[in-house]
Amino acid sequence: MTSTSEKNNNLLPPGLVSNLQQVLSKKNNNDNNDSEAESKESDNAEPSSSTSVSDASEAIDTSKPIVLVTNGDGIESLGLVYLVEALVREGLYNVHVCAPQSDKSVSGHSVTFQETVAVSSTEINGTTAFEVSGTPVDCVSLALSGALFSWSKPLLVISGINRGTSCGHHMFYSGVVAGAREALICGVPSLSISLNWKKDESQETDFKDAVSVCLPLINAAIRDIEKGVFPKSCSLNIEIPTSPLTNKGFKLTKQSMWRSTPNWLAISANRYPAGHFMSNQQSLGIQLAQLGRDASAAGAARRLTTQKKQVEIESVGVAGKSDSNRVKKYFRLEFLDKEQEETDEDLDFRALESGYVAITPLSLSPPFEMDTQTAASDWISAALVGEQ
């Protein structure tokens, strides 16, 4: 019988306490049977959408370092698929993937702000993987936030393998480089990897070859990060030549001024019927603004295709005008290759075209040329004196 003092201490009715004691006693006598039953119940239980992160944390082998993989070409791109398969085969790492659901190759360091980003789990053998309706920067930022995975800081972030070079000024446009840069901003060592893909010359199996070329470098990076001897405060951009297996070796390079020439072409308005709006499901995944007849401001819609790397922009006149007075123009952006005048063999694109695997260290605070610093200082001083 339960005393009054016991009842008050437990804050439970005596009958309920007695029932609980019986249950506990029975449990102590049947530990093995109960464990087996719980195991079977766990196996048959339906997964809950609210437990994805905790389930993933239980599956993590804490003896293995966590490696996060993202890219710019989209989660289904062969560059990412072959890279992840190779990392899983190594059996040395906990591989996690968080990548755009569509191609975001030229998204640069853009983020999705004040809009909802959709995240879906996806099956990639040996990994915990999610596809995101955002940019590479969104993917890395979300993965490192602690909101998606049970961890918030992997040992290394790898962005790639990208289809096409990211040398020179292309680094500013590149989604694959931006993914690695975001990791660096968050204090996580990172690598961005691109294959110098050439139309009518490259083939899909080149991505497998590219993986075999860069995998030793990835393993070395992880080993040295664990030892604390990996270069601090920098990300490495790795450019693999068109024929990966015939490369001349690894070469430390400098970022060049190389870029393709932008060429804007006017497109006939007759190409688009009234009320037509370009799809937002195009290959480079640039989110499009759909502009209606009653739009309150000027806007733009863009479309990018995989093979030609083209952007289409719809230019709309000032809102409030009737349809007959509204000006609509259509343009397409093409990037044209041009001969480069820089001859320094230590520049990224020169080394790449010469057959080397070009490795360029990238920093968040690149060295500022003294001449530029002096010129800016002199101008500011003179301008302020003139204003006064």
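Computation of the quantities below employed the complete heavy-atom set of this structure, encompassing side-chain atoms and omitting hydrogens, waters and symmetry-equivalent molecules.
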Inset, instruction - Report yes or no: do Ser159 and Asn71 form a side-chain donor-acceptor pair below 3.5 Å? - result: no
Inset, instruction - Verify whether one side chain among Ser194 and Thr165 offers a donor that lies under 3.5 Å from an acceptor in the other. - result: no
Inset, instruction - Would you kindly say whether Thr253 and Asp346 are connected by a side-chain donor-acceptor distance under 3.5 Å? - result: no
Inset, instruction - Would you please say whether a donor-acceptor pair under 3.5 Å links the side chains of Ser120 and Glu131? - result: no
Legend entry - Any side-chain donor near an acceptor of the partner, Ser141 and Asp138, under 3.5 Å: no
Legend entry - Side-chain donor-acceptor contact under 3.5 Å, Glu90 with Asn219: yes
Legend entry - Asn125-Glu123 side chain donor-acceptor pair, cut-off 3.5 Å: no
Legend entry - Any donor-acceptor pair under 3.5 Å from Asp224 side chain to Ala221 backbone: no
Inset, instruction - Might you point out which heavy atoms bring Pro65 and Glu226 nearest each other, and give the distance in Å? - result: CG-OE2, 3.7 Å
Inset, instruction - Please determine, by modelled atom types, if Ser256 and Asp348 share a side-chain donor-acceptor pair under 3.5 angstrom. - result: yes
Legend entry - Reported OG1-to-NE2 distance for the pair Thr127 and His96, which is rounded to 0.5 angstrom: 8.0 Å
Legend entry - Lys248 side chain vs Ser354 backbone, donor-acceptor pair below 3.5 Å: yes
